[in-house]
Protein chains: 2
Amino acid sequence: MDVRSLTYFVAVYEEQSFSLAARRCAVSQPSISAAIRQLEEHLDCQLFVRNARGVSPTAASDQIFPTAVRLIAEFGALKTIVRRPVATRPVRCAVMPGLSGERVSGFLKEAAIASPELYFELQRESSAADIMIVSEAALPEDQIFHPLWRDSYRAIAPVGHPLTMREEVTIAGFADDPVIVAHWTDAPGSPRRAFHDRGVQLARMSIAHSHQDALAMAAAGFGIAIAPSSEPLRSGLVSREIEDISVERNVGLSCARSYQLPSGLSIAVNICRLRWQSR
Amino acid sequence: MDVRSLTYFVAVYEEQSFSLAARRCAVSQPSISAAIRQLEEHLDCQLFVRNARGVSPTAASDQIFPTAVRLIAEFGALKTIVRRPVATRPVRCAVMPGLSGERVSGFLKEAAIASPELYFELQRESSAADIMIVSEAALPEDQIFHPLWRDSYRAIAPVGHPLTMREEVTIAGFADDPVIVAHWTDAPGSPRRAFHDRGVQLARMSIAHSHQDALAMAAAGFGIAIAPSSEPLRSGLVSREIEDISVERNVGLSCARSYQLPSGLSIAVNICRLRWQSR
DNA sequence: TCGCAGGCATAGAGAAAAACTATGGATGTT
DNA sequence: AACATCCATAGTTTTTCTCTATGCCTGCGA
């Protein structure tokens, strides 16, 4: 079980064929067979169904494929992260509005634990920032992106609210209720953009100062809150996926390719990825 | 360049020694040498400076260590993506007395975050335990050891105490003061064992219920406390290394080779390694 | 000052893993 | 029915990894 096996796996998955995968990897076909068999034994599950003309991936393959691609890429990128030590100056950090405050502070806290000498200048403008915590969709050009967590906007209502009883929650199902949001910008990946792209116009809408405020208002019965799934819920609230409008986004840390990420931040990135992205 | 090399690298980084890393990885020392040399050639940078007594990491090592730990962890967790491990029964966890409560609870908290469905039965007896949090020196045979942190017992006194003024703190220097300890067992790696091996007899000694209690007593002027360096100090206390008696130990999680570590615990192990072993 | 012990490097042999060639069985295609 | 395609298997070769044995260097103690 190493990077080589995963590389073969990815090739087979994409080519849907052992032979073609072998050609792409420049090895013989039995090598692919053996590697996939070992992988299947190690994972204790079948990865491909062998058909007469090629193979077809199983559900297990679908599950591990994204991770396999990412792990291969990160292994290959290991040599690029060897950097020189960094000078200690304040890190100018721009935080995109509308993110889960819980997660952002959790990340910064880990960085502070890892490097107590590190300190931040939080700012709203992305100009002149060393690093940004931002949605991947809003990533400027020429920036390196380190994913931290993935969240989706969900509808949140107090227990007992009619919304929580429904089998499927759709945007039409609560368009008449008052909707409470914290941020309503038009940035890529934002819920407003997603709603707008589908022509949804919300009749009544309140804008709170923060997601937690929005949740508090929902708990008080003001309406249905829309907030990221990473925002912790107080008891008495229920969150439901909105079936027909998905606002999924990768949130992460971005920095210029030329910026040498201080080691404390690098450690925090890795801790948070382990904590929030491991299945 | 594969997972194996990275595993060796992490072991060397943590042990600061090729020989000890070899022992931990259950391979011979030349294997470690070869793997590190290959890694250095591949990354085109020096990872360790070879000293007469062990090796010391370079800045390049510091840079790749966090990512290496995470990649190894995610590789190991690949199989848990497919087959979610059974958390159907509680994890029986034995915690060796005398450890830093701060660290132990920090570790268990990470496990709870990673796998909310995980729950523990804490017990004092190591018999019938699934996992143990234990000093490496007290490791039973045939157990896998996952290092979590390293600590040493230190002398702790209130600021202004004569002890804190000295250039070097030796055991003779405070043998006349009352000494406060939390645990005084004879286990391998314990301070009592270290003291006993050197024939040190402490004249006056108090035994507190916990390290924090011992620190509180020291703060109140009862004497000099001896506690692990990982125990957080309240303000007004100063900790000094004891020059001539070193009680250094690796603390980690151990489990039987046959026990398959639930993924939440595996994630927590790696988060704590990042947090406590990165320089 | 001189062993001596600890620690890493190196060399060569042995073992394990991976790759290759050749071939067979199964299944569509012509 | 003959054929082509595709994957599995067997046996061999090549590469890689690991081990034992040994040498060199350095810090420590007598």
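Each chain gets a letter, A, B and so on, in the order its sequence line appears, and its residues count up from 1.
- Taking the six-membered ring where the residue is Trp, the centroids of A:Tyr8 and A:Tyr13 are separated by 6.0 Å or more.
- Distance CG (B:Asp2) to P (D:dT15): 18 Å, rounded to an integer number of Å.
- Distance, A:Arg53 CZ to C:dT27 C1': 9 Å, rounded to whole Å.
- Under the 3.5 Å distance criterion, the side-chain polar atoms of A:Gln46 are matched with a main-chain donor or acceptor of A:Phe48.
- Between B:Ser31 and D:dC19, a side-chain N or O to OP1/OP2 separation shorter than 4.0 Å is present.
- Picking from C:dC8, D:dA8, D:dC19 the nucleotide with the shortest atom distance to the side chain of A:Phe18 gives D:dA8.
- B:Ile36 has its side chain within reach of B:Val12: a pair of non-hydrogen atoms, C-beta onward, lies under 4.5 Å apart.
- Applying the 4.0 Å criterion to OP1 and OP2 of C:dA19, one finds that A:Arg4 has a side-chain N or O inside that range.
- When the side-chain nitrogen and oxygen atoms of A:Gln29 are compared with OP1 and OP2 of C:dT21, none of them lie within a distance under 4.0 Å.
- Distance CD1 (A:Ile36) to P (D:dT9): 14 Å, rounded to an integer number of Å.
- When heavy atoms are screened at a 4.0 angstrom cut-off, A:Ser28 is found touching base atoms of the nucleic acid.
- Within 4.0 Å of B:Gln38, counting heavy atoms only, lie sugar-phosphate atoms of the nucleic acid but no base atom.
- Proximity of A:Ser19 to the phosphate of D:dC7: a side-chain N or O atom is located under 4.0 Å from OP1 or OP2.
- The distance from atom CZ of B:Arg23 to atom P of C:dG6 is 11 Å, rounded to the nearest whole Å.
- Atom CG in A:Asn51 sits roughly 12 Å away from atom C1' in C:dG28 (whole-Å rounding).
- At D:dA8, one or more side-chain N or O atoms of A:Arg50 fall inside 4.0 Å of OP1 or OP2 (strictly under the cut-off).
- In this structure, A:Glu15 atom CD and D:dC7 atom C1' are separated by 16 Å, rounded to whole Å.
- Inter-residue side-chain proximity for B:Arg24 and B:Glu136 is flagged as met; some heavy-atom pair is nearer than 4.5 Å.
- A:Ile32 places its CD1 atom 14 Å from the P atom of C:dT21, with the value rounded to the nearest Å.
- Between the side chain of B:Ser115 and the backbone N or O of B:Leu118 there is no donor-acceptor pair closer than 3.5 Å.
- Residue-to-nucleotide proximity on DNA chain D shows that, of B:Ala35 and A:Pro30, the 5′-proximal contact is made by A:Pro30.
- Rounded to whole Å, the distance from CD on B:Gln46 to P on C:dA9 is 10 Å.
- For C:dA19, one of the phosphate oxygens OP1 or OP2 lies less than 4.0 angstrom from a side-chain nitrogen or oxygen of A:Tyr8.
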